[in-house]
Structure formats: C-alpha cells, structure tokens
J.: 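Mind looking over this structure? Questions follow.
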2 protein chains.
Amino acid sequence: MPKSAGSPALLDLDAATPCCPPLARQRVPAEAAAVLAPAFKALGDPVRLQLMSMIASAPDGEICVCDLTPAFELSGPTISHHLKTLREAGLVNAERRGTWVYYRARPGIMRQLAGLLAT
Amino acid sequence: MPKSAGSPALLDLDAATPCCPPLARQRVPAEAAAVLAPAFKALGDPVRLQLMSMIASAPDGEICVCDLTPAFELSGPTISHHLKTLREAGLVNAERRGTWVYYRARPGIMRQLAGLLAT
DNA sequence: ACGTTGTTTTGATAGATGTCAACCTAGACA
DNA sequence: TGTCTAGGTTGACATCTATCAAAACAACGT
C-alpha cells in the first residue's frame with residue numbers, strides 16, 4: 001500500500017514526479033483538478049500567500065507561529081484560521097515543540113503546482 | 001506612461017521579467033500578494049482550472065466558448081461567469097469574431113505565477 | 001495547584017461565491 | 001424587419017469565507 005492513505009490515491013501530492021503535464025500542454029483531468037484546485041484556492045488569499053512565502057523562505061526551513069502573527073495586523077485566531085487552511089490544502093505541516101508551534105512547507109505539492117503552470 | 005494603466009503599476013502581469021523571486025526565496029511583499037493572490041484564487045476552482053487548461057492548451061492558441069460549455073455539466077451562464085472570473089484575474093483574453101467568442105491565454109501572468117512557485 | 005503565555009477552537013456576523021432561471025445583446029441570415 | 005443562435009447579464013438563493021471576541025487547550029514557570 002502506498003504511503004499516503006486518505007487521498008484519492010490518483011494523485012500523490014508529495015510525489016517527485018509531476019502528476020500531470022503542464023496546463024498549457026493538455027487538459028487537466030477532472031480528478032486532478034479536484035485535488036489541485038484547493039491548493040490554488042489556499043494561495044488565493046493575500047494573507048495566506050504571504051504566510052506561505054514566509055514559511056517556505058524561513059531560514060531554517062521552519063518558522064514559529066509567534067513570528068508569523070505579529071507580521072500582520074490581524075488577530076491571532078484569524079492567522080490560526082489561515083494556517084489551518086494551508087494545512088488542509090496540504091501545503092504546510094505543523095509541529096508543536098514545547099510552547100511553540102512550527103510550520104514547514106511541503107515541497108512536493110509546490111512542485112506539482114509549479115509544474116502545472118510551467119510552459 | 002507604461003502601457004497598462006489601471007493597475008497598481010508596481011506589477012506588470014504581462015512582463016517577461018518575474019515580478020518577484022520565488023515564494024521559497026523571500027517573502028512576497030504585501031503589494032505583490034494583493035495582485036497575485038486573485039490569480040491563484042481564480043485557479044482555485046476545479047471548473048476554472050479545467051477551463052484554463054482547455055484554453056491554454058488549445059491547438060490554435062484559442063478556443064471557442066461553444067467548445068468549452070458542452071465539456072461540463074453546467075449551465076451556460078455558469079460557464080460564462082467562470083470565464084468572466086478568469087478574465088478579471090487577467091488570465092485570459094476574450095475576442096468576439098462574428099457569432100462566436102474565442103478565449104486565449106495570457107502567457108505573461110502564467111509565467112509570473114509559475115516563477116513564484118518555482119524553487 | 002496556580003497563573004502566564006502561546007495557539008487553536010467555537011460562535012457569531014457581514015460579505016463573497018457558485019449555481020441556475022429569466023432576460024438581454026450581438027451578430028448572421030433571410 | 002424579423003427570427004434564430006451564441007454569449008453575457010441580472011436577480012435570487014444557498015453555501016462558503018474572513019474576521020473577531022470569547023472560551024478552551026497546551027506547555028511552561030512559579
């Protein structure tokens with residue numbers, strides 16, 4: 001059995017191999033669209049796009065929520081909500097270490113999305 | 001005066017040069033996020049993602065709405081609404097020629113988005 | 001045990017979104 | 001002018017989303 005259960009199994013978001021040829025090459029199948037669209041949707045909010053970039057560009061590959069929250073003029077719960085959205089879209093992982101929670105980007109799905117948009 | 005008026009002028013979506021380094025390289029500025037997030041948002045719906053791929057991969061670089069609509073089990077107005085969303089996000093152009101309307105992908109912004117996600 | 005700090009969850013609310021039916025517009029053709 | 005077809009627009013409705021306040025949960029330090 002493959003490592004990622006719970007997914008439609010047609011698309012492994014962590015796979016190194018692209019799931020589909022680029023958008024401009026051939027039509028994205030409905031099943032692939034159903035899995036990939038939520039990821040784009042998660043990036044479709046200015047706050048989440050910035051959060052994602054702060055996480056992905058963190059010097060040590062990870063960043064504390066305590067460093068993310070004060071970077072925006074939004075309440076803690078709102079930032080937490082956006083982070084949950086990114087998590088559920090499969091874009092990031094969260095890990096609690098002691099008092100703080102650290103977020104880390106999942107490179108696989110980023111590659112999938114980039115490959116889909118590449119010419 | 002630059003060619004594209006009406007935009008924040010900080011970001012030219014048709015520029016060949018990327019507006020920002022990749023997501024994972026450094027934090028996306030708020031102004032860039034405000035312009036780019038709507039494009040991701042437009043791709044964040046399964047129907048629109050498929051529409052976009054059908055348009056971008058059209059053999060002649062363009063495709064008729066009359067070829068798009070029957071590809072989904074959705075009403076004409078709904079497809080029209082999604083196409084308008086893609087248009088307003090700057091992802092596609094529409095041109096009427098006689099009876100039919102043809103859609104064409106705008107490669108510039110696709111490059112911007114791909115560059116943002118690339119490692 | 002208690003209080004403090006960091007993070008998430010819950011509840012509530014205003015606003016956005018996807019969808020369709022009904023209607024409207026643009027062009028072709030007679 | 002009239003009618004037909006391809007698309008778009010409007011209005012309505014149910015659902016979803018972004019946001020915050022309040023509460024709950026988790027870990028640390030007394």
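Every value quoted in this text rests on a predicted model; they were computed, and no experiment measured them. Each chain gets a letter, A, B and so on, in the order the sequences are listed, and its residues count up from 1.
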J.: Just how far, in rounded Å, is C1' of dG6(C) from CG of Asp67(A)?
T.: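 Roughly 12 Å, once rounded to whole Å.
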J.: To the nearest Å, give me how far apart CG (Leu51(B)) and P (dG7(D)) are.
T.: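 Computing the Leu51(B):CG to dG7(D):P distance gives 13 Å.
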J.: Would you mind telling me which of dT7(C), dC20(C), dG8(D) lies closest to the side-chain atoms of Val101(A)?
T.: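 Side chain of Val101(A) sits closest to dT7(C).
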J.: Let me know the distance between CD1 of Ile79(B) and P of dG7(D), rounded to the nearest Å.
T.: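 Answer to the nearest Å: 12 Å.
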J.: Sugar-phosphate atoms are those with a prime plus P, OP1 and OP2; base atoms are the rest. Using that split, label each nucleotide of nucleotides 9-18 of chain C B, S or - for protein heavy atoms under 4.0 Å, 5' to 3'.
T.: B-------SS
J.: So which of Leu83(B), Leu91(B), Asn93(B) actually passes side chain to side chain contact (heavy atoms under 4.5 Å, CB included) with Ile55(B)?
T.: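 It is Leu83(B), the one option of Leu83(B), Leu91(B), Asn93(B) that forms the side chain to side chain contact (heavy atoms under 4.5 Å, CB included) with Ile55(B).
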J.: To the side chain of Cys66(B), which of dA6(D), dC20(C), dT8(C) is closest?
T.: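 The nucleotide sitting nearest to the side chain is dA6(D).
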J.: Collect all protein-nucleotide pairs involving nucleotides 28-30 of chain D in which both atoms are nitrogen or oxygen and the distance is under 3.5 Å.
T.:
none

J.: What is the separation between atom CZ on Phe72(A) and atom C1' on dA18(D), rounded to the nearest whole Å?
T.: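 Rounded to whole Å, this separation is 14 Å.
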J.: Over how many whole Å does the gap from Tyr103(A) atom OH to dG6(C) atom P extend?
T.: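 These atoms are roughly 16 Å apart.
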J.: What do the steps show when you test His82(B) against Leu86(B) for side chain to side chain contact (heavy atoms under 4.5 Å, CB included), and what is the final call?
T.: CA-CA 6 Å; His82(B) 284 306; Leu86(B) 290 175; 5.8 Å; no
J.: Measure the distance from CG on Leu68(B) to P on dG7(D) and round it to the nearest whole Å.
T.: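 It is 9 Å, rounded to the nearest whole Å.
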J.: Starting at CH2 of Trp100(A) and ending at C1' of dA26(D), how long is that distance when rounded to a whole Å?
T.: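 Spelled out: CH2 on Trp100(A) to C1' on dA26(D) is 13 Å.
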J.: Does Tyr102(A) make a side-chain N or O approach to OP1 or OP2 of dG6(C) shorter than 4.0 Å?
T.: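 No.
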J.: Rounded to whole Å, please give me the gap between CD1 in Ile63(B) and C1' in dA6(D).
T.: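 Atom-to-atom, Ile63(B) to dA6(D), this comes out as 15 Å.
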J.: Within the distance-only criterion (no hydrogens, no angle test), does the side chain of Arg106(A) pair as donor or acceptor with the backbone N or O of Val92(A) below 3.5 angstrom?
T.: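 No, because the side chain of Arg106(A) does not come within donor-acceptor range (under 3.5 Å) of the backbone of Val92(A).
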J.: Mapping Ala94(B) and Leu74(A) onto DNA chain D by nearest heavy atom, which one lands closer to the 5' end?
T.: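 On the 5' side of the pair lies Ala94(B).
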J.: Any disulfide bond (SG atoms under 2.5 Å apart) pairs touching residues 65-119 of chain B, not counting sequence neighbours?
T.: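 Applying disulfide bond (SG atoms under 2.5 Å apart) to every pair that reaches into residues 65-119 of chain B, excluding sequence neighbours, yields Cys64(B)-Cys66(B).
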J.: Counting N and O atoms only, with roles assigned by atom type, does the side chain of Asp45(B) sit under 3.5 Å from a partner on the main chain of Val47(B), one being a donor and the other an acceptor?
T.: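 The answer is yes, because a donor-acceptor pair under 3.5 Å joins these two groups.
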J.: I'd like to know if Tyr102(B) and Ile63(B) are part of one continuous hydrophobic network [Ile/Leu/Val/Met/Phe/Trp/Tyr, side-chain heavy atoms within less than 4.5 Å].
T.: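 Each belongs to a different hydrophobic cluster.
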J.: Within 45 degrees of the ring normal and closer than 6.0 Å to the centroid, is that where the cationic atom of Arg97(A) sits relative to Tyr103(A)?
T.: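 Arg97(A) over Tyr103(A) ring: no.
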J.: Any sub-3.5 Å donor-acceptor pair from Thr69(B)'s side-chain atoms to Val65(B)'s backbone N or O?
T.: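 Answer holds: yes.
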J.: Side-chain contact test, heavy atoms from C-beta onward, threshold under 4.5 Å: evaluate it for Met54(A) versus Phe72(A) and give yes or no.
T.: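 Yes, side chains in contact.
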